[in-house]
Amino acid sequence: MSAGNSQTGMQSGREVARARRSANRRRLRRAFLAHRGGRWGLGILIFFVALALFAPLLFNRATLSVIHATGLPYQHPSFQYPLGTDESGRSVLARLAWGTRVSLVVGCAATVISMVLGTAVGILGGHFRGPVDTVLNGLSNWFLVIPFLPLAVVMATVLGPSMLNIIIVIGVTSWPGTARIIRAQTLSVEGRPYLERAKALGGSDTHQMVKHVLPNVMPLVLANTTLTVAIAILAETSLSFLGLGNPLEPSWGGILDDAFSNGAVSLGAWWYVLSPGVCVVLVVIAFTLIGRALEQILDPRQSVVA
Amino acid sequence: MTVALPRTRRKAQARRLSMLLGGVLTLAMAPLAASADSGSPAPTGSASAAADTFTIGTTTDVDSLNPFTGIDANAYEIYQLEYPTLTEYAAKDFTTVPGLATSWTESPDHTTWTYKLRDGVKWSDGQPLTSADVVYSFERVLNGQYEQTNYSAYTNDIASVSAPDATTVVFTVKRPSPIMLHLYVYILPKHIWKDISETQVKSYTNEPTPGSPTVGAGAYTVVERQTGQFVRLVANPNYYGGMPRVKNLVFRIYNNPDALGQALKKGEVDYADSLDTNVYNSLANVPGVTRVAATYSGFDEFAFNTGAALKDGTAIGNGNPALKNASFRRAVSWGVDRKTLLERVFNGYGSVGDSIIPPIYQSLHWTPTADELIGYDPVKAGQLLDAAGYKLGTNNLRTTPAGTPLSLRLLGRSDSASSTKAIQYLQGYLTQIGISSTVKLVASDALTEIIGQGNYDIFEWGWVIEPDPNYQLSTFTCGKRSYKDAGQVYADLSDSFYCNPAYDQLFAEQSGITDPVARAVIVKQMQALLYQDSPYIVYANYDDNFAYRSDRWTGFIPQPEQNGVYLFQYGTWSYSSLRPVSAAAVANSGMNLGLVGGGAVLAVLVVGGIVVLGRRRKTATSQDRE
């Protein structure tokens, strides 16, 4: 009897929570769409995601092979090649479209690693305090003070040029910022009365962290994620440009690397240098706009969503 | 001068990574450098325009000024400017001509060689240069460990060296040896180097200190060096060939090919060496700049793992067994379009490759006849593969005669733009003839290691070949395959693991013939053998592209005579005859300037006239209206 009661009580509790969450999501969506910057960011991003998804339909992968290049080297933009051709006579537009896939995948995958690491370290540190916190905080501080690029360059050189390695390198070098933000938020959440209640009722550490702290820091993680993607894409471009990526994977940084090492600058082949650069800038802006919009909406102090 | 080092490539490779790391280091060390070198002036600045300084721009730094340590081509350029050698290579055709030695004779029984030195030669510090210095320099290599690394190729056949008098040097050889005509061992001043011990020499920099330039007997001596920035040399008044006309020589290092091209345009440098072909193209029509695409002694190849093994024949590595078959390799060779590769990878600067001795060495180069030629014919390649038992499977890919899938691993160098490109082309050509492959790019250092262990199928790389063919030919002998020491496998010179007793016999034969003509016959025979067995697909003999300020400098001597390189030769021919363009030429350019000025004045008058006329008309109409 009592068991049944508590069950119905819990069920209704879950339903209430679910209903509240879906209401929250709806409100979030409305608020986001009302945000001008956010709309722009989303629009740009949808364009690039579509480009990435439809690249195989738009441009035959075989045309990216140097021996099947259809054009002459360094052709100016024309109707046939809207963004000109590269040093081997391949369409720069086709390479860009395929490069979108690599850049977005690397950016997102690296961000996932970075977010998981950063959130875990932040919550663990904020929750346990004491020696655990000292060690984890020390570790993130240590990573924070090492300049990102030299560390990434050294790691990428040691691991060797491949897409997976670039993802790992960016992932494991970009988490400390997130960890610090999440730790601060965890500390503030941990101070709230309901956590004290959970503790008093005998909730385990895992229960407290997963059921109470995590949902509360999640909005912050989300906002931070979009910003980190932007940084990760930029990092991927830098590393590929420095020749540390896999030159056979057509990422934007790789295209820039090719352009520079094949004298596109001296020859004035602006279409070859400029277009990957513009793509990177656009995608980074898109993610930043989305991130800022989410931050504003989710931050209670800015209280767009009351 | 790429004697001791296998695979030195002069071609500038844009390596932004090293540049970046270099930048970090430079920044970190800047305060140190500043405190140590405060007061030392910059080398040239605008002084480059002066007639007494010739500035050479390069994209690679000199790795070491110590001739026992350096392996870079730039370093060898400086060694040969600083130190004399017994004989030299003629600018005209690479034949042996007198250097420090005026004459040399081989004893009739081929056991001793006697060299007569020039009389009254002095080191740059005024000390006399005698046969004692020559004996010292050779003994230092013969008795040394570390000193052997760069020069053993010349001294392997020498048993002993002695000096009967101050201007005579006598060598006893172990066997008849043609290398005695090309003893490129630098003669060092005994009075300086005798104080540097066998252990000290490993870390000895041989760099000048302020006020005391290095001591040499060549055309120039080094007076200043800033790592990563420049090396400055000054003319040696005691040079036996006569003091050069140009007083200062500066090798300035640029971080990337584009920057070097810009520096030449602006007149910051007088000569830009080893230009990237695209940068070279962008320098067309720049006033005052002359571009030269000179025939060069380098080639690039696709090399096969023909069955990796140690010297003793023990198999090593994991190379694909299909590549042991010469007819398979030949079939692949038929599928490679060398002409397109030359056009796309080297922008067409060079010639289509065939043999391992490049055509620049006319007397030694072997050219295939029409019957022997392996051209580009994918259909024929397919037929040959069919005949060898590698039939097309259902998915248009070939299988081994046993019916298992066939796939080759291709390795390119990640630090070379041309290699990265070429290996992608090869993958495309292999696909065309039904061979599946995977491409991997690795750094040059790592590639050397992988090759030595035999863990590859095909890789792309190149060689720079010196005038004497011995070294290059030796890389295909059985004895140059990898070796084992303390359980560890080490790479030797062979990178295709080619081993053919018939070839080895010819190799031994040619290395004992001192008559160049008789030797060339056998050397050509060896090349023909290699061409048919195809351990390499030599796809391009690339050019050396450089440009210089022809409005300021003249008097270069190309080597070889026909379309040769101006600097970075086997010898220092251009430096002695280099001079600023004459006063007459300057006056001529002044006249041109006058013409331009006159033209400008005329243009102003005409335009002004039109404007004035237009105004008048306007005023006229407005007045009419009133």
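The analysis underlying the following values was restricted to heavy atoms, covering all of them including side chains, and did not include hydrogens, waters or symmetry mates.
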**Study point:** Top contributor to chain B contacts, counting heavy-atom pairs under 4.5 Å, from A/Ser88, A/Ser65, A/Gly268
**Key:** A/Ser88
Check your understanding: For B/Lys265, does the NZ atom sit with more than 12 other heavy atoms under 6.0 Å from it, leaving out its own atoms?
Key -> yes
Check your understanding: Quick one: does B/Asp337's side chain have a donor or acceptor within less than 3.5 Å of a partner on B/Lys339's backbone?
Key -> yes
Check your understanding: Is the side chain of A/Asn60 donor-acceptor paired with the backbone N or O of A/Ala62 at a distance under 3.5 Å, no angle test?
Key -> yes
Practice item. Sort out for me which residue in A/Tyr272, A/Phe48, A/Phe241, A/Trp98 forms a ring pair (Phe, Tyr, Trp, His ring centres under 6.0 Å) with A/Trp252. Key: A/Phe48
Review point. Residues two or more places apart in sequence or in another chain: which of them pass salt bridge (charged side-chain N to carboxylate O under 4.0 Å, His left out) with B/Arg344?
Key: none
Study note, to complete from the structure: For B/Arg409, the salt bridge (charged side-chain N to carboxylate O under 4.0 Å, His left out) test, sequence neighbours excluded, returns B/Asp457
Point to revise | chain A-proximal positions within residues 281-293 of chain B [heavy-atom distance under 4.5 Å] | key: B/Asn281, B/Ser282
Review point. By side chain to side chain donor-acceptor pair (under 3.5 Å), which residues pair with B/Tyr376, not counting sequence neighbours?
Key: B/Gln432
Check your understanding: Side chain, backbone, both or neither: which part of B/Tyr429 has a non-hydrogen atom closer than 4.5 Å to chain A?
Key -> both
